[in-house]
Amino acid sequence: MTVTADEATPVGDLVRDSLWDKGILRLRLDQTQGMEQLTKTLTEFREWAEDERATAALIELLPGRTDWPGLVGIHAVNKWERALRQWERLDAVTLVTASGRCTGPAFDLLMAADVRLAAPDLCIALPTGPGGFWPGMAVHRLAHRAGVSRARRLILCMAGAGTLEAVQAKELDVVDEITGELDDRVAKVLAGCRSGVEARLLRGLILDAPGIPFEDALGTHLAACDRALRAAAAGLGTGEER
C-alpha cells in the first residue's frame with residue numbers, strides 16, 4: 001500500500017502523515033472489525049513499524065461498538081493474543097489514544113501499549129463472554145502493571161455497569177492520562193521518545209522485574225549499563241573500551 005502524507009485516511013488503513021519525518025507511524029483503527037481482521041491489521045502495522053525501524057508507533061482508536069470477541073474459534077483468539085504480544089515487544093515506543101465509545105479490543109490494546117491517553121468522553125465497553133467477563137490476557141497485563149487490587153476492582157466494576165468511563169479507567173490504570181487535547185499531548189510525548197532499541201530494552205527490564213529475583217536480574221542490568229556506557233563513550237569520540 002502506498003499512502004502519501006496528504007491523502008485522506010480510510011479507517012483501519014496504515015497512514016503516513018506529518019509525523020512520518022520523525023520516524024513515527026500512525027494507525028487509525030476501526031474497532032468494529034472482527035477479531036480476525038483486527039489481528040491482520042495489527043500484524044501489518046507492527047511489521048511496517050519493524051521494516052521502517054520506527055521510533056514510535058501510534059494507534060488511534062476510533063469510536064465504535066461491536067460484539068467482542070464474537071463467534072470465533074480458540075485459534076483466532078490465540079492469533080489475536082500473539083499479535084498483541086508481538087506489538088507489546090515492538091522495537092518502538094507504542095502509544096494508544098482512545099475517545100468516545102470504545103469496544104473490547106480497546107481494553108486489550110490499551111493494556112499492551114507503553115503510553116495510553118484518553119479523551120474525557122472515553123467509555124470502554126468491557127469485553128464479555130458466555131461466562132461473564134472475557135478472560136483474555138488483558139487481565140493478566142492489568143494485574144502485572146497495576147496490581148491485583150486494581151484488577152479485582154475492575155472485575156467488580158464490570159459486574160456493575162460493564163463499562164469504564166475515563167475517570168474510572170484512569171483510577172484503575174487502564175489509561176495513564178485524561179486530556180482534552182489528545183493531539184497536543186501526543187506530540188509532547190512523541191517529542192521525548194527514546195530510540196526504538198533503547199525503548200525496548202528499558203521496557204523489557206521493567207516488565208521482567210516483578211518476576212525475577214535481584215541476583216538473576218543483575219547480569220541483565222549490568223549488560224544494559226555496559227551498553228549505555230559504551231554508547232556514551234562512542235558519542236564522546238573517546239573510543240574507550242569498557
**Report entry** Whether over 12 other heavy atoms sit under 6.0 Å from Glu181 CD
**Finding:** no
Report task. Return the minimal non-hydrogen interatomic distance between Glu81 and Gly136, and the atom names on each side. Result -> OE2-CA, 3.7 Å
**Report entry** Path from Trp80 to Val72 over hydrophobic side-chain contacts below 4.5 Å
**Finding:** yes
**Report entry** Shortest non-hydrogen contact from Ala166 toward Ala119
**Finding:** CB-O, 3.7 Å
Query raised in the report: Rounded to the nearest 0.5 Å, what separation is found between the CD1 atom of Ile59 and the CG atom of Leu27?
Result: 5.5 Å
**Report entry** Asp51 atom CG, neighbour heavy-atom count above 12 within 6.0 Å
**Finding:** yes
Report task. List in chain and number order the residues that pass side-chain hydrogen bond (donor to acceptor under 3.5 Å, both in side chains) with Asp121, two or more places apart in sequence or in another chain; answer none if no residue qualifies. Result -> none
**Report entry** Any pair counted as salt bridge (charged side-chain N to carboxylate O under 4.0 Å, His left out), so long as it reaches residues 68-79, sequence neighbours left out
**Finding:** none
**Report entry** Gln37 side, atom CD; Leu42 side, atom CG - distance, nearest 0.5 Å
**Finding:** 11.5 Å
Query raised in the report: Are Asp184 and Thr179 close enough that some pair of their side-chain heavy atoms sits under 4.5 Å apart?
Result: no
Query raised in the report: Which heavy atom of Ala92 sits nearest a heavy atom of Ala54, and at what distance?
Result: CB-O, 3.4 Å
Query raised in the report: Atom OG1 of Thr103 and atom CG of Leu61: how far apart are they, to the nearest 0.5 Å?
Result: 8.0 Å
**Report entry** Salt-bridge criterion met for Arg46 and Glu50 (N-O under 4.0 Å)
**Finding:** yes
Query raised in the report: Taking all non-hydrogen atoms of both residues, which atom of Val115 and which atom of Val93 are closest, and how far apart?
Result: CG2-CG1, 4.4 Å
Query raised in the report: Do the side chains of Lys40 and Gln33 get nearer than 4.5 Å, heavy atoms only?
Result: no
Query raised in the report: What about Ile178 and Leu164, same hydrophobic cluster or not, with Ile/Leu/Val/Met/Phe/Trp/Tyr joined at side-chain heavy-atom distances under 4.5 Å?
Result: no
**Report entry** Partner of Leu117 by side-chain contact (heavy atoms from CB on, under 4.5 Å), out of Thr97, Val175, Leu58
**Finding:** Thr97
Query raised in the report: Are any of the side-chain heavy atoms of Leu29 and Leu38 separated by less than 4.5 Å?
Result: yes
Query raised in the report: Would you say the side-chain atoms of Arg116 pair up with the backbone N or O of Lys170, donor to acceptor, closer than 3.5 Å?
Result: no
Requested in this report: Kindly work out whether a path of hydrophobic side-chain contacts (I/L/V/M/F/W/Y, heavy atoms less than 4.5 Å apart) joins Leu84 to Met137.
Outcome: no
Query raised in the report: Taking side chain as C-beta onward, heavy atoms only, is Thr39 less than 4.5 Å from Glu36?
Result: no
Query raised in the report: If Ile, Leu, Val, Met, Phe, Trp and Tyr residues are connected whenever their side-chain heavy atoms lie under 4.5 Å apart, and connections chain through other members, are Val148 and Leu126 in the same group?
Result: no
Report summary line: Correct closest heavy-atom pair for Leu109 and Val96 would be O-CG2, 3.7 Å
Report summary line: Interatomic distance, CG@Asp173 vs CE@Met111, rounded to 0.5 Å, equals 7.5 Å
Requested in this report: Classify the ring geometry between Trp48 and Phe45 as parallel (under 30°), tilted (30 to 60°) or perpendicular (over 60°).
Outcome: tilted
Query raised in the report: Side chains of Leu95 and Ile24: closer than 4.5 Å at any heavy-atom pair?
Result: no
Requested in this report: Establish whether Val77 and Trp87 are linked, either directly or via other cluster members, by ILVMFWY side-chain heavy-atom contacts under 4.5 Å.
Outcome: yes
**Report entry** Least distance between heavy atoms, Gln168 atom then Thr163 atom
**Finding:** OE1-O, 3.9 Å
Query raised in the report: Just how far is it from atom OG of Ser99 to atom CG of Leu62, taken to the nearest 0.5 Å?
Result: 7.5 Å
